[in-house]
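Whatever order the structure lists them in is the order used to number ligands and atoms, beginning at 1. Residue numbers count from 1 along this sequence. If you're wondering where the values come from, they're calculated on a predicted model, not measured in any experiment.
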Amino acid sequence: MNSKARTDVAPALRIIPREQHIISRKNISKAALRVLYRLNESGYDAFLVGGAVRDLLLGGKPKDFDVATNATPDEVKKLFRNCRLIGRRFRLAHVVFGPEIIEVATFRGTGEEEGAEGERHIVDGRIVRDNVWGSIEEDALRRDFRVNAMYYDISDFSVRDYVGGMQDLEDRVLRLIGDPATRYREDPVRMLRAVRLAAKLGFRIDDAASAPFAELGVLLAEAAPARLFDESLKMFLAGYGLQSFRMLEQCGLLKFMFPATARALERGDEALRALVEQGLANTDERVAEGKSVTPAFLFAVLLWGEVRDLAYAWMEQGMDNNEAWARAALRVVGEQCQRVAIPRRFTFTMEEIWSLQPRFEQIQRKKVFRLLTHPRFRAAFDFLLLRAHESPAVRELGQWWAHAQQLPHETLAAALPNHSGGTAEPAAPAARKRRRRRRPSGKPGTT
Ligand code: ATP
Ligand code: MG
């Protein structure tokens, strides 16, 4: 079944000599060059491949440099002291240069699928069809998009294009290699890669490549949640998150990755849409400025609509505030992690960001100071600012807290009431009155 996609695409090699393309060794990392030269000097074929070649041909800066060779992993290991072999089914060599890792992969033959679930190939606990080495032609055909299947040859600096990738770069389009439905069935994550790469490169997805989404999107439910987590980081935290998100929704794939988000947006929750769009735009901006970004904040943004609605609904039914928030978070995170496995350290922070939101409404001296010194105050406050579209009251609350942080301790303390009954100066936000929740008094164990 796996080989079907390949038999219908006969490789027609086009070699683009050095003078006819723009890839210069200046733009290739020193580490990658060392690996390429070393392999080549030792008598092996050595190529830069995949996203790096694609990005260099577009005049961009590759995120990572991958190398393909006919040397086996063991042979690669013999050449480099700083080399470790990784992967069970696909043995790969990682050559380590300080913070930079060059991934060196042996040409793979057919019958192998990157990202296909390991279990499928396990018989009696034994991994079968593991590490099937192949020719460079076969290696090209098992890749996903034509633009991702070009090889830069270190021996003469030419580019080898087996499947028409150059044409697609010119047309700014993503075309799959082989029959799209077959390729997505082999590995549904390729649908997400189409969306992500289109967003990143500003390319369109070829009609033939996007047509199967409607029918095959559901296969993403079978993809490993840990892999979807990695993929969602690449989508949302690599500098083109807003565009990825919009395309994911347009393509109808959002619901398979973030069902709660898709539901809330389908209900017409425009405040959530504004929150998500602004949150992603801010994240993209931070990435562009080289600042750090945290997955927790972004996942908290994506899932907020459902958490908030559930918590409020339960509070209306008389559930204790803290319990309502905690349960809403648990429910929403629980559902989400069946799709995208968000590690515990992030879900913990998400829950904190959410549960601090109602505490912004409590403008009493002790509570205000406790919140200001909370380790997660900054993230929670940034989150509150993003929620401005929810209502004028929330916007006002954000302004109040922004102002409060500017005031000297004494001034702020003097302006705040000691308990919930009093009035605060500077004017306490309206949200406090409107949103104050009944809290059953004296109920133990609900802090
Ligand atoms: P990025 O710029 O985000 O790194 P990339 O195309 O380099 O994009 P990688 O995940 O680094 O993406 O993969 C490197 C190469 O491996 C790809 O260019 C492609 O040739 C191949 N590849 C990756 N994932 C798949 C897949 N699921 N199916 C087939 N080929 C894949
Ligand atoms: Mg890459």
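- Side chain of T283 to main chain of L237: no donor-acceptor pair is present (N/O by atom type, distance under 3.5 Å, no hydrogens or angles).
- Heavy-atom proximity to G50, at under 4.0 Å, picks out these atoms of ligand 1: 18 (O).
- At least one N or O atom of G51, backbone or side chain, sits closer than 3.5 Å to an N or O atom of ligand 1.
- Contacts of D64 with ligand 1, taken as heavy-atom pairs under 4.0 Å, involve the side chain alone.
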Please determine whether salt bridge (Lys or Arg N to Asp or Glu O under 4.0 Å) holds for the pair E186 and R183, giving the CA-CA distance in whole Å, both sets of side-chain angles, and the decisive distance to 0.1 Å.
CA-CA 5 Å; E186 286 171 355; R183 301 308 310 278; 2.9 Å; yes
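- Under the 4.0 Å criterion applied to side-chain N and carboxylate O atoms, R246 and E249 are not assigned as salt-bridge partners.
- Ring pair W401/F360 is perpendicular by interplanar angle, where above 60° counts as perpendicular and below 30° as parallel.
- The pair D55-K200 meets the salt-bridge criterion, with a side-chain N (NZ, NE, NH1 or NH2) lying under 4.0 Å from an Asp/Glu carboxylate O.
- Listed by number with element, the atoms of ligand 1 under 4.0 angstrom from any heavy atom of R227 are 27 (N).
- Salt-bridge check for R160 with D153: passed, with a basic side-chain N closer than 4.0 Å to an acidic carboxylate O.
- A salt bridge links D144 with R193: the distance from a Lys NZ or Arg NE/NH1/NH2 to an Asp or Glu carboxylate oxygen falls below 4.0 Å.
- Of the N or O atoms in R143, one or more lie within a sub-3.5 Å distance of an N or O in ligand 1.
- Using modelled atom types and a 3.5 Å distance limit, the side chains of D161 and Y151 yield no donor-acceptor pair.
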Passes salt bridge (Lys or Arg N to Asp or Glu O under 4.0 Å), R146 versus D168? Steps please.
CA-CA 7 Å; R146 300 180 5 160; D168 292 0; 2.8 Å; yes
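- Tally of protein N, O or S atoms closer to the Mg ion (ligand 2) than 2.8 Å: 1.
- Contact annotation: for R142 versus ligand 1, heavy atoms closer than 4.0 Å belong to the backbone alone.
- Relative orientation of the F236 and F258 rings is tilted, given thresholds of 30° and 60° on the angle between their planes.
- Atom 13 (O) of ligand 1 has its nearest heavy-atom neighbour, among E231, R193, M150, in R193.
- At a 4.0 Å heavy-atom cut-off, ligand 1 does not touch V49 at all.
- Checking R190, R108, E186, K200 against atom 26 (C) of ligand 1, the nearest heavy atom belongs to R190.
- Heavy-atom proximity to K63, at under 4.0 Å, picks out these atoms of ligand 1: 1 (P), 3 (O), 4 (O).
- A salt bridge is absent between E138 and R108; no separation between the charged side-chain nitrogens and carboxylate oxygens falls under 4.0 Å.
- Put simply, the side chain of R395 never gets that close to the backbone of G398: no donor and acceptor are under 3.5 Å apart.
- Contacts between D144 and ligand 1 below 4.0 angstrom, taking non-hydrogen atoms only, involve backbone and side chain alike.
- With ligand atoms numbered from 1 in the order given, ligand 1 contributes 10 (O) to contacts under 4.0 Å with heavy atoms of K234.
- Within the 4.0 Å heavy-atom shell around ligand 1 one does not find V189.
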